[in-house]
Amino acid sequence: MEQTEQYKLVMSEIIAKQSLVFGHDVAIMRAKKISEIIVSGDGVVTEINGDPVEALKKLIDTYIHPSVQIVAMIESMTDGVFMADSEYNVVSANPAARKILGSGVESIPTIVHIVDILKGVLDIKSKIEEAIKLDKVLSFYGVLLNKQYYKVIVCPVKSSTNITKSEILGVSVVFHDVTHEKEAEMMRNDFTSLMVHELRSPLGNIKKIGELMKSSKILDDKQARAEYVSMLYESASSMLDLVNDLLDVAKLDAGKFYIDKQQINLKEVLQSSVKFFETTAMDAGVNVALRIADGVPSVVQADAKRITQVVNNLLSNGINYTLRGGKVTLECFIHKQGFEISEEARKFELPWAPDDVVSKVATSEIGDSIVVAVTDTGEGISASNIEKLFDKFTQFASSALQSGHKVTGLGLVIVKGIVDAHGGSVGVVSKQGKGSTFYFTLPL
Amino acid sequence: MIKKILIIDDDKIFTKILRDGLVAGGQGKYEVFTAFDGEAGLEIAKLEKPDLVMLDMLMPKVSGIEFLKKLRREEWGKEVPVIVETQLSDLEKMSEGIALGVRGYIIKSDYSIEAILRQVDDILK
């Protein structure tokens, strides 16, 4: 009697657990099947133990726990997966698949619903047919569904792992989210087309100048001829600069970017950079100033050519993005570990952009260094763009294109590469409409 | 009567070639002003009230689209014809420009001064 009660208890427990996963009908059916095995005294169960309750527990351990675990695993997967039988009936779908296919959390989507959702994107019915017929795994990359990209894998489901005995029961269809990868790929394409555009403009000009110079009219006028020759020179130089930038980035990517550290006079480097931009700044109506705080050593260990490249890049950006009447300051001071660089700039009464948006650099942790910074009164950078500035140049390029602003090319990626090679850090603080400060440190 | 043309483009060399081409090809019909960014372009436009603007879309400071929006807000700027300088790959992004009354476009990588002159003559006649 007691055994019967215990038996009922365990049985109802099984039904409860099973119905959670497979639904009530299936659970009842399985429970009946188990009862039959026990009652008939058939198979392994009674051999192990005459006690039906013990036998039942053994049964649960052997047959039900593993399947419950597999089901739990599939249910918890972030990839969507559904199974269709060879008649195209969808027999099960995990919550992720129901979400991706938009069939509602409760119900398993029908094949009609799935075909409809994938219409124009993927002919799922014929792919299922193909996978079953050829007994082959099919894979489709970049299937667009509700603004997300998926890799869809259609895989035949077999009755057993034994190849000779197995029979194809249907297919499993997996939806793996590849939105991130796909976006990165599109950014790379955007970047490539931007670079091609940047190379094509000066090349187009060179061709046009050649055409114009071929017609004798311009060659007659001495002044015009000189102008056109210097335009040829400028166009070729800007192409060469860009090609060199591309090569630098390729070196950075390949980890083959080297610097040549020498004893250099940093103040002189900064002075000549400011001088270099005098005319450009004047044309743009932007005031450029150099401010070097007390205590900066006159000689430092660095690659003069590369540091000039960094400073020129930051100055050029500053001037480009500052409106007429604005101000760009190149500044240099000493940083001591344990202090915030922005605070130190204020202490030296040097301009520093309001730091509403800060790239994630804990400046107080940076060891004793020389800080070189360019502060402008330009348009500032939005929080979403600031994170992309130095690392994911592709993304910034694309967002800059969308907003209609010309990108300054690969500059900042190279800036970071050069500063990294010197063992320093780069950072930005900015406030939209107020201006930005780009800075880098050189360890002392 | 001499017509005023304003070229706004940060590509100084392209601007110079275009300017020389319009001055020489226009045979005295056109007076050409140039600006290298949208901000300077707006100032010159306000001052000179050009009869035609040739506008680069991709510029620092004030972009082409921003310039167009500002131009159309001005009483005198509502009807000024605008030719946009662009790249073939950006043509799909032109719908916004068309909504702002862009009259024509130049493909920058593949332009001929003669074709541009014809386009300009056609708009300004």
Side-chain angles (χ1 to χ4, degrees), chain A residues 189-190 192-213 215 217-218 221 224 227-228 230-239 280 283-286 316-326 376 378-379 397 400-408, chain B residues 8-25 27 34-44 55-69 84-94 96-97 100 106-116:
Chain A
N189 291 343
D190 271 9
T192 309
S193 66
L194 187 82
M195 280 302 121
V196 170
H197 163 152
E198 292 280 287
L199 284 170
R200 200 169 47 181
S201 296
L203 195 57
N205 286 337
I206 290 171
K207 185 175 167 224
K208 197 54 57 184
I209 294 165
E211 254 178 70
L212 285 167
M213 290 185 79
S215 67
K217 269 183 273 172
I218 279 166
D221 184 333
E227 262 177 12
Y228 273 75
S230 76
M231 276 156 58
L232 266 183
Y233 177 79
E234 268 178 53
S235 297
S237 302
S238 78
M239 277 191 79
T280 320
D283 285 351
V286 174
S316 154
N317 284 352
I319 294 165
N320 262 329
Y321 284 94
T322 301
L323 294 176
R324 204 159 276 275
D376 65 49
E379 62 191 66
L401 257 187
Q402 277 156 17
S403 70
H405 290 293
K406 195 147 185 168
V407 205
T408 34
Chain B
I8 309 172
D9 194 324
D10 64 329
D11 183 343
K12 294 183 183 173
I13 292 172
F14 176 81
T15 307
K16 162 87 176 147
I17 297 170
L18 190 56
R19 181 179 173 276
D20 286 2
L22 287 171
V23 170
Q27 292 164 336
T34 56
F36 299 133
D37 61 67
E39 189 198 13
L42 266 177
E43 279 174 30
I44 296 174
L55 179 69
D56 182 21
M57 294 312 269
L58 214 58
M59 291 185 296
K61 297 181 186 180
V62 178
S63 75
I65 284 292
E66 284 162 10
F67 173 90
L68 264 178
K69 285 178 182 163
V84 162
E85 304 159 2
T86 183
Q87 296 291 351
L88 200 57
S89 50
D90 295 332
L91 273 183
E92 60 204 52
K93 294 176 192 151
M94 285 290 296
E96 205 176 350
L100 288 161
I106 301 168
I107 306 290
K108 270 175 109 174
S109 52
D110 183 27
Y111 62 98
S112 95
I113 297 288
E114 291 72 32
I116 293 172

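Nothing here was measured: the structure is a model prediction, and the numbers come from that model.
Nearest heavy-atom pair, B:I17 versus A:N205, reported as atom, atom and distance to 0.1 Å: CD1-O, 3.9 Å. Of all heavy-atom pairs spanning B:D20 and A:Y228, the tightest one is OD2-OH, 2.7 Å. Taking each heavy atom of A:K208 and B:S112 in turn, the nearest pair found is NZ-CA, 4.0 Å.
In terms of heavy-atom pairs under 4.5 angstrom with chain B, the leader among A:A284, A:S235, A:P202, A:S238 is A:S235.
Looking at A:T322, the atoms closer than 4.5 Å to chain B (heavy atoms on both sides) all sit in the backbone: N, CA, C or O. Heavy-atom distances place the backbone of A:I319, and not its side chain, under 4.5 Å from chain B.
With rounding to the nearest 0.5 angstrom, the NZ atom of B:K16 is 9.0 Å from the OG atom of A:S230. With rounding to the nearest 0.5 angstrom, the NZ atom of B:K12 is 8.0 Å from the CD atom of A:E234.
Side-chain contact between A:I209 and B:I13 is present, with at least one heavy-atom pair separated by less than 4.5 Å.
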